[in-house]
Amino acid sequence: AQVEATLARITGTTSYDGFGDVDFAIEAVPERIEVKHEVFADLDAATPGHAVLASNTSGLSISEIGDATNRPDKVVGFHFFWPASAMRLIEIVEGEETSQATLQGAANFAQAIRKTPVRCAECPGFVVNRILTSTASEIWRYQDESGASPEAVDAFIKEQAGMPMGVFQVADMSGLDTVVKVARDMAGAYGDRFYVHQGMEELVSDGHLGAKSGKGFYEH
């Protein structure tokens with residue numbers, strides 16, 4: 001049902017009609033492997049055999065996503081960053097069976113749409129989220145321990161680091177449920193140097209997911 005709702009929102013239909021002529025399909029459904037499997041199995045059946053099937057996942061295994069298809073060599077990570085209309089970077093993520101031709105084709109397509117591709121091997125967090133979450137972890141830890149307001153911490157970071165947004169505002173805009181999941185994955189993979197923010201977990205439990213729900217650390 002979730003897949004059908006996503007299709008209806010994006011294409012105006014709940015079927016994969018019209019996918020028969022595509023060369024490159026990009027999936028951007030919620031970050032749950034069972035949902036990814038359903039979509040990739042359907043894309044595998046609906047698209048021509050030469051088509052590359054790309055996932056916008058921020059951290060799920062490309063190899064595991066590819067297992068849902070009969071063409072794992074043509075499955076690749078194609079991770080945009082928020083806001084996708086402005087951010088130039090795209091991570092091109094290699095699964096265990098992703099071919100070099102698929103990786104090069106994905107990089108070429110990224111450049112064709114005026115993005116900057118960065119190729120990386122599959123690992124928890126890929127490149128950018130591993131770096132960003134490591135940095136954010138210490139800020140989250142400090143806020144939880146000190147009790148300083150998220151707004152005050154964001155204001156300090158923006159002023160002292162020259163960043164356009166603080167980490168709590170970025171989390172709101174990215175979706176707190178996604179940020180919590182990535183943080184948990186990083187902590188599970190790399191240990192205590194990655195921190196899961198307790199206040200963020202509480203907000204997610206209460207259904208406050210940031211900008212997409214209207215409330216997170218900030219009102220939207």
Side-chain angles (χ1 to χ4, degrees), residues 1-11 13-82 84 89-110 115 117-133 174-175 177-191 194:
Q2 191 163 23
V3 173
E4 290 181 352
T6 302
L7 274 173
R9 185 171 67 250
I10 296 171
T11 68
T13 176
T14 58
S15 75
Y16 285 84
D17 293 343
F19 280 73
D21 295 326
V22 303
D23 299 314
F24 197 97
I26 305 171
E27 159 276 315
V29 299
E31 289 284 83
R32 298 211 302 273
I33 194 65
E34 67 275 12
V35 178
K36 305 285 190 187
H37 278 170
E38 183 178 348
V39 170
F40 272 78
D42 287 345
L43 284 173
D44 193 37
T47 58
H50 70 271
V52 170
L53 306 181
S55 176
N56 185 47
T57 180
S58 59
L60 293 177
S61 167
I62 299 302
S63 301
E64 191 172 350
I65 291 171
D67 287 342
T69 76
N70 292 312
R71 60 179 101 174
D73 60 312
K74 292 183 173 63
V75 175
V76 66
F78 202 76
H79 181 209
F80 290 84
F81 292 88
W82 178 89
L89 184 67
I90 289 181
E91 287 179 319
I92 310 296
V93 186
E94 179 180 2
E96 292 177 1
E97 297 188 55
T98 308
S99 71
Q100 289 301 308
T102 296
L103 290 167
Q104 189 60 56
N108 290 346
F109 178 65
K115 299 293 186 180
V118 174
R119 284 174 51 169
C120 61
E122 182 175 76
C123 66
F126 307 148
V127 174
V128 175
N129 272 327
R130 185 171 175 180
I131 294 170
L132 288 180
T133 306
S174 300
D177 51 339
T178 298
V179 175
V180 165
K181 183 183 185 306
V182 170
R184 287 172 176 165
D185 289 346
M186 295 296 94
Y190 301 116
F194 285 87

Over all atoms of both residues, closest heavy-atom pair of Pro117 and Ile92: CB-CG1, 3.8 Å
Minimum heavy-atom distance Ile62-Gly77, with the two atoms named: CD1-CA, 3.5 Å
Side-chain heavy-atom pair Phe109, Ile26 within 4.5 angstrom cut-off: yes
For His50 against Val22, the heavy-atom pair lying closest together: NE2-O, 4.0 Å
Under 3.5 Å: donor-acceptor pair, side chain of Glu91, backbone of Cys120: no
Non-hydrogen atoms of Thr69 and Leu53 that approach each other most closely: CG2-CD1, 4.2 Å
Side chains of Thr47 and Arg71 in contact at under 4.5 Å (non-hydrogen atoms): yes
Side-chain (Asn129) to main-chain (Val182) donor-acceptor, under 3.5 angstrom: no
Pairwise distance CD(Glu27) to CD(Glu38) - rounded to 0.5 angstrom: 11.5 Å
Rounded distance [0.5 Å steps], CG in Asp67 versus CD1 in Ile65: 10.0 Å
Under 3.5 Å donor-acceptor, Thr98 side chain and Val75 backbone: yes
Euclidean distance, Ser58 OG relative to Asp185 CG, rounded to 0.5 Å: 8.5 Å
Where Thr57 and Phe126 come nearest, the two heavy atoms and their spacing: O-CE1, 3.4 Å
Heavy-atom pair with the smallest gap, counting every atom of Ser55 and Phe40: CB-CZ, 3.8 Å
Exam field: side chain Asp44 to backbone Asn70, donor-acceptor pair closer than 3.5 Å: yes
Atom pair CD1 (Ile33) and CD (Glu31), whose distance is rounded to the nearest 0.5 Å: 9.0 Å
pair Phe19-Asp42: side-chain heavy atoms closer than 4.5 Å: no
Glu97 side chain to Ser63 side chain, donor-acceptor N/O pair below 3.5 angstrom: no
Name of the residue among Glu96, His37, Glu122, Lys36 meeting side-chain contact (heavy atoms from CB on, under 4.5 Å) with Glu64: His37
CZ-CZ distance between Phe78 and Phe24, expressed to the nearest 0.5 angstrom: 4.5 Å
Salt bridge flag under 4.0 Å for residues Asp177 and Lys181: no
Test item: Lys115 side-chain N/O and Ala84 main-chain N/O as donor-acceptor pair under 3.5 Å: yes
